[in-house]
Structures are given as C-alpha cells and as structure tokens.
There are 2 protein chains.
Amino acid sequence: MQKKKYNISVEATLEVIGGKWKCVILCHLTHGKKRTSELKRLMPGITQKMLTQQLRELEEDGVIHRIVHNQVPPKVEYELSEYGWSLQDILDSLCAWGEKHISRVYGDKFAVLEENVLNDKLK
Amino acid sequence: MQKKKYNISVEATLEVIGGKWKCVILCHLTHGKKRTSELKRLMPGITQKMLTQQLRELEEDGVIHRIVHNQVPPKVEYELSEYGWSLQDILDSLCAWGEKHISRVYGDKFAVLEENVLNDKLK
DNA sequence: CGGAATCCCTCGCGATACTG
DNA sequence: CAGTATCGCGAGGGATTCCG
C-alpha cells in the first residue's frame, strides 16, 4: 500500500469526512439508520448521483454500513459503523457550533432552521 | 439581510470551516500566531492564491484576525479570534481522529506524518 | 426504489506574471 | 514578503436516461 504523506493529521480526517456532503450525511445518520429516499428528502439540494457517490466513499472508508434488503421494491438502508460512531462527538460538536453560529449571524435561529419539506423546491 | 435556509445546523458550520484548506489553516493557528510565509511552509500543497483567498474568507467570517505590521519588508500575521477559539475543541478532535485513522489505515503513523520540508516537491 | 451510465458544462483552482 | 491580476484547463458535479 502506497503511504500517503500528510503534513498535519487533520488532513487524514478531511479525506474521510471532507467531501461536500459527507458531514451532513453522517450527522443525519447519528439520528439513526436511514433509507436512501429518507436521506434524499433530508438533503433537498443533493442529487441522486452525489448521494450515491458520497455514500460509497463513506462505506469504503469504513464509517458507514450499507444494508441491502432483498425485496421488491428495493430497500437499502445506511447506518454508522462502529468506526463511524467514533466520529459522533465531532459531528455533534459541529452541529452545536452551527446552531450558535446561526444565532450569532442571524440573531434568531428558529427563523432559519425550518422544515425540510418546505425547502424542497424553493432554492 | 437575506436569511439563508439550512436543513441541518451543521451546514452552517461547513460554510465557515468547510473550505478545502480552512480546517488545516485553523489547526495550524491553534498552535499560535503565524506569518503568511509560515503558513505556506506548513502547507506545501497550497498556492499563494488559495492561501490568501481562504484567509480572507475566514477573516470575513470572524474566526481569524489579520495583523498587518507597517514595515518594510511587509509582515502580516494571522491568529484565531476569540470566536475562532470557540472552534478549538472541534479542531483538536479532528486532529486526534486523524491520527487514530492514520494508525488504523497504515498501522504506523510515524511512517506517514513526516517533516513538511521533505514533501515540498515530492507530490 | 435504488443506482448505474452518459453527456456536458461550469467554475474552482493552478500557473504565471506583476505591484508596492 | 504579501498580495493582486489574468488566463485557461479539467475534474467535480448537474441533468437526464436506462436498468434490475
């Protein structure tokens, strides 16, 4: 295996969770197992292609498990692996900081964080 | 001010520290004030343009301070703002997780994390 | 329903050169 | 030394279509 050089260890972390949507996906998964369609609904801005791609990479890095139920219609679920759960504190902190940041910038976080469904086609 | 919609609070965090190099820059700054040239040396892969750009955005978001010393030759330093220090726990956790991840993947972190200077033109 | 495969285009980013 | 300006490439990612 070719050893990759890092100048600082955080670079290794970013290779795993640094993708455009990866932290968002992982945060959702800290709330429990999710179906593909659920994830898509929770992230109105993501495309099918990107969702699949990011999920594959997270799976390759061992932080999530892909669970395929052999049935019709198909049903696929994703959940954090044991290794993935080692990121929980980080993910929680990232979310918590985001809330404080929203309050700082906008003054009232409740006016900003809204129902996902409402955003479906608002852009 | 136009209120931006977030579907989950971590998205707000990623707007601030989600840039390609931002976490790396911030991690270095948790070790103290740095000059521009120091940062460049600590991040052999970054270009002057990207460094300036990322620093400007971090400054706009209020997490770092830019300190200009009026002298010749020019001397500019960057340091975490008080607000930026509120990210310290997150940044430390990201670094710590990266170290564990390197060990997990490569078995021996000491073989991977090396002197920055050595990487200058290795790619 | 979940995902693979194509086409296609934007714009992120690097390379280079220049300024104070 | 720190930063700006300009050009241009190509990978990242969007839209669409097809498959099991």
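These values consider heavy atoms only, across backbone and side chains, with no hydrogens, waters or symmetry-generated copies. Per chain, numbering begins at 1; letters A, B, ... match sequence-line order.
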Whole angstrom is fine here: how far is it from [atom1] in [X] over to [atom2] in [N]?
X: B/Q54; N: C/dG12; atom1: CD; atom2: C1'; value: 10 Å
X: A/K34; N: C/dC1; atom1: NZ; atom2: C1'; value: 18 Å
X: A/I46; N: D/dA15; atom1: CD1; atom2: P; value: 13 Å
X: B/N70; N: D/dA2; atom1: CG; atom2: C1'; value: 13 Å
X: B/R41; N: D/dC1; atom1: CZ; atom2: C1'; value: 14 Å
X: A/M50; N: D/dG14; atom1: CE; atom2: P; value: 6 Å
X: A/E77; N: C/dG3; atom1: CD; atom2: C1'; value: 16 Å
X: A/L55; N: C/dC1; atom1: CG; atom2: C1'; value: 15 Å

TODO: State, without any angle test, whether B/E59 and B/H65 hold a side-chain donor-acceptor pair at a distance under 3.5 Å.
DONE: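 Result is no, nothing qualifies.
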_Donor-acceptor side-chain pairing of B/S103 and B/E99 below 3.5 angstrom_ =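 B/E99 and B/S103 do not have a side-chain donor-acceptor pair below 3.5 Å.
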salt_bridge(A/E77, A/K34) N-O dist < 4.0 Å: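 The answer is no: the pair does not qualify as a salt bridge.
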Short side-chain N/O contact to [N] OP1/OP2 from [X], under 4.0 Å:
X: A/T52; N: C/dA4; value: no
X: A/R56; N: C/dG3; value: yes
X: B/R35; N: D/dA2; value: yes
X: B/R66; N: D/dG3; value: yes
X: B/Y78; N: D/dA2; value: no

Name the nucleic acid region contacted by B/Q48, choosing base, sugar-phosphate or nothing; use a 4.0 angstrom heavy-atom cut-off, strictly under.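 Here B/Q48 touches the bases of the nucleic acid.
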* Verify the neighbour count for atom CD of B/Q71: are there more than 12 heavy atoms of other residues, nucleotides or ligands below 6.0 Å? =>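 More than 12 within 6.0 Å, yes.
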So which nucleotide from D/dC7, C/dG2, C/dC7 ends up closest to the side chain of B/K49?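 Per side-chain heavy atoms of B/K49, the pick is D/dC7.
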Next on the checklist: Using the side-chain heavy atoms of A/T36, tell me which of these nucleotides is nearest: D/dG13, D/dA2, C/dG3.
Outcome noted: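 In terms of side-chain proximity for A/T36, the closest of D/dG13, D/dA2, C/dG3 is C/dG3.
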query = Taking for each residue the nucleotide of DNA chain D with the nearest heavy atom, is it A/P74 or A/T47 whose nucleotide lies nearer the 5' end?
reply =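 So the residue in question is A/T47.
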Is A/W97 reachable from B/W85 through a run of I, L, V, M, F, W or Y residues, each pair having side-chain heavy atoms under 4.5 Å apart?
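Yes.
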